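What follows is one structure encoded as structure tokens, with my remarks underneath.
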Amino acid sequence: MTRPLRIALVSAFPSGKQSLNEYGLHLAIGLAARDDVAEVTVIADTLPSDLPELDLGPKITVKRCWSFNKLSTLPKLIRALRQTKADGAIWNLQMATFGDREVTAALGLLGPVAARLAGTPSGVIAHNIVNGVDLEQTVLKGQRLRQAIVRLGGRMIERALISANYLTVTLRSYSESLQAKHPRASVHLVPHGTFDTKVSDVRPLKDRPRRIVTMGKFGTYKRLETLLGAFDALRKTPGNADLKLVIGGSDHPNTPGYLEALAQDRADDAGVEFAGYVAEHAIPDFFGDALLSVFDYSATTGSSGVLHQTASYGAVPVFPRIGDFVDVCEDEGISGVNYAALDAGDMARQMQKALSDITGSQAIADDNRAASMDFPFTKVVDFHVDKIAQSSNLTRQSPSTESEQLVV
């Protein structure tokens, strides 16, 4: 038996509120829970001075060294990894992890291959890829030249990411696309995974308050106008005057002030609550006290963590059957109530059907929960520990090929 692994995790991380920070938290906790991992060093984004650091036990150290949209991110990442002397690094990434400007985003995404060349074996979790996103449905709508530049940059970043020791994606369509273009690359399909949820945390729909929720970073392809219009129509139908809509989340970085403007418009509406950022400890109650969880999307950019949380805590998802929602349904067996994208009338009708048929809605919730439990987060962690051990030429204390066999 060889010594336990020292693993670095590059990720946005709580108490920060950047995208994927909760996923990073669960990765760190899952890695530290293993006997064959000696220590986990999280290479994280910097925090505002008023946010406290989490106490995660002696095996997890958080080293905050990079900031969103900073040109200095890449050298800081490589310097921090060199200082950790880790056996390998896991990079928890989406295409805008390091910035929402082309140059800063791209420089940060060069980190995995740069780390590998500098001597730190690196594996990447890519939650989305540029060429899997409909840019016309993002803040780049109508900007043909900028879209072309992003596509070109996306191909370069894609090639850089597959040059890491290995790359995982959460959707089959991403895996098939990358493997077709780069047949010799080490690309693996590893589903999003379901964070641990106790059965006792999940109440049947009939025992829940009359509550509809939504969560996200709003203002671009995730908006609220369709949902608010549908909710207004829904409350006018008999028996629905007591419904409440709870909106959790924050503005997308490119649309500051979006939620504040909507909240001001709804200041006198007691049925609509703007809850702001929902911390990890509040997630079970947020979804566990909801009947429906609505996704007012005009496009998708990867496997939705919110959809997986909705399934885990037994709320009924309401989403347009578009883009990556289709892939998740087909790959992971998660279903929901579907409406025509951007159609408030159809959204209201589908929500009414779900609320009126509690038996049918409970069947959807039960099936989703069962499907989500088929790939618990421990399998995600197992896969990455195996891969880091292989990449660093170390053997795990408790060798197992189970994670390789369980990957879709």
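Being a predicted model, the structure only gives us computed values, none of them experimental.
- Ion pair Glu158/Lys181 flagged as a salt bridge, since at least one NZ, NE, NH1 or NH2 atom sits closer than 4.0 Å to an Asp/Glu carboxylate oxygen.
- Tyr313 and Asp285 share no side-chain donor-acceptor pair at under 3.5 Å.
- We find the CG-CG distance between Asp207 and Leu291 to be 10.5 Å, quoted to the nearest 0.5 Å.
- Ser250 places no side-chain N or O within donor-acceptor distance of the main-chain N or O of Tyr277, the cut-off being under 3.5 Å.
- Close placement of the His188 and Phe383 rings is indicated, their centers lying within 6.0 Å of each other.
- Counting only heavy atoms from C-beta outward, the side chains of Phe195 and Ile29 never approach each other to under 4.5 Å.
- Inter-residue side-chain proximity for Phe13 and Asp45 is flagged as met; some heavy-atom pair is nearer than 4.5 Å.
- The aromatic rings of His26 and Phe377 sit perpendicular, their planes meeting at an angle over 60°, well past the 30° parallel limit.
- Checked against Thr310 for a side chain to side chain donor-acceptor pair (under 3.5 Å), the options Ser304, Ser293, Ser372 give a single hit: Ser293.
- Residues Phe98 and Thr104 form no side-chain contact, since every pair of their non-hydrogen atoms from C-beta on lies 4.5 Å or further apart.
- Ring pair His384/Tyr166: centre-to-centre distance below 6.0 Å.
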query = Given the rule in the side chain to side chain contact (heavy atoms under 4.5 Å, CB included) test, do Ile90 and Val10 qualify, once you have shown the distances and angles that lead to the verdict?
reply = CA-CA 6 Å; Ile90 301 170; Val10 181; over 6 Å; no

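- For the pair Glu53 and Leu47, the minimum side-chain heavy-atom distance is below 4.5 Å.
- Between Asp382 and Lys379 there is no salt bridge, since none of the side-chain N atoms of the basic residue sits less than 4.0 Å from a carboxylate O of the acidic one.
- At a threshold of 4.0 Å, the pair Asp87-Arg3 counts as salt-bridged, since one of the basic side-chain nitrogens sits closer than that to a carboxylate oxygen.
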Test log, rule salt bridge (Lys or Arg N to Asp or Glu O under 4.0 Å), inputs Arg172 and Asp331 = CA-CA 7 Å; Arg172 186 179 302 277; Asp331 290 351; 3.2 Å; yes

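- A donor-acceptor pair under 3.5 Å links the side-chain atoms of Ser163 to the main chain of Arg159, judged by distance alone.
- Phe319 has its ring centre no less than 6.0 Å from the ring centre of Tyr339.
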request  = List the steps, then state whether side chain to side chain contact (heavy atoms under 4.5 Å, CB included) holds for Val328 with Leu307.
outcome  = CA-CA 9 Å; Val328 172; Leu307 179 59; 3.8 Å; yes

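- At least one side-chain heavy atom of Lys217 sits less than 4.5 Å from a side-chain heavy atom of Ser19.
- Judged by distance alone, the side chains of His308 and Glu332 do bring a donor and an acceptor atom under 3.5 Å apart.
- A salt bridge does not link Asp289 with Lys244: every distance from a Lys NZ or Arg NE/NH1/NH2 to an Asp or Glu carboxylate oxygen is 4.0 Å or more.
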task = I would like to know whether Asp366 and Arg369 meet salt bridge (Lys or Arg N to Asp or Glu O under 4.0 Å); could you show each step before the answer?
result = CA-CA 5 Å; Asp366 291 344; Arg369 181 162 167 75; over 6 Å; no

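- Geometrically, Arg211 engages Phe286 in a cation-pi contact defined by less than 6.0 Å to the ring centre and at most 45° from the axis.
- When atom types are taken as modelled, the side chain of Asn92 and the backbone of Leu20 share a donor-acceptor pair closer than 3.5 angstrom.
- What you find for Asn165 and Ser391 is that their closest heavy atoms are CB-OG, 3.6 Å.
- Remark: the Gln352 side chain and the Asn240 side chain contain an N/O donor-acceptor pair separated by less than 3.5 Å.
- Residues Ser122 and Trp91 bring a donor and an acceptor atom of their side chains to less than 3.5 Å of each other.
- Checked options Val169, Ile334, Leu171, Asn128; the residue passing with Ser303 is Leu171 (criterion: side chain to side chain contact (heavy atoms under 4.5 Å, CB included)).
- Although no hydrogens or angles enter the test, the distance criterion places no donor-acceptor pair under 3.5 Å between the side chain of Asp324 and the main chain of Asp327.
- With 3.5 Å as the limit, one finds no donor-acceptor pair spanning the side chains of Thr84 and Thr41.
- Inspection of the His127 and Tyr23 side chains reveals no N or O donor paired with an N or O acceptor under 3.5 Å.
- Not a single donor-acceptor pair under 3.5 Å links the side chain of Ser356 to the backbone N or O of Lys353.
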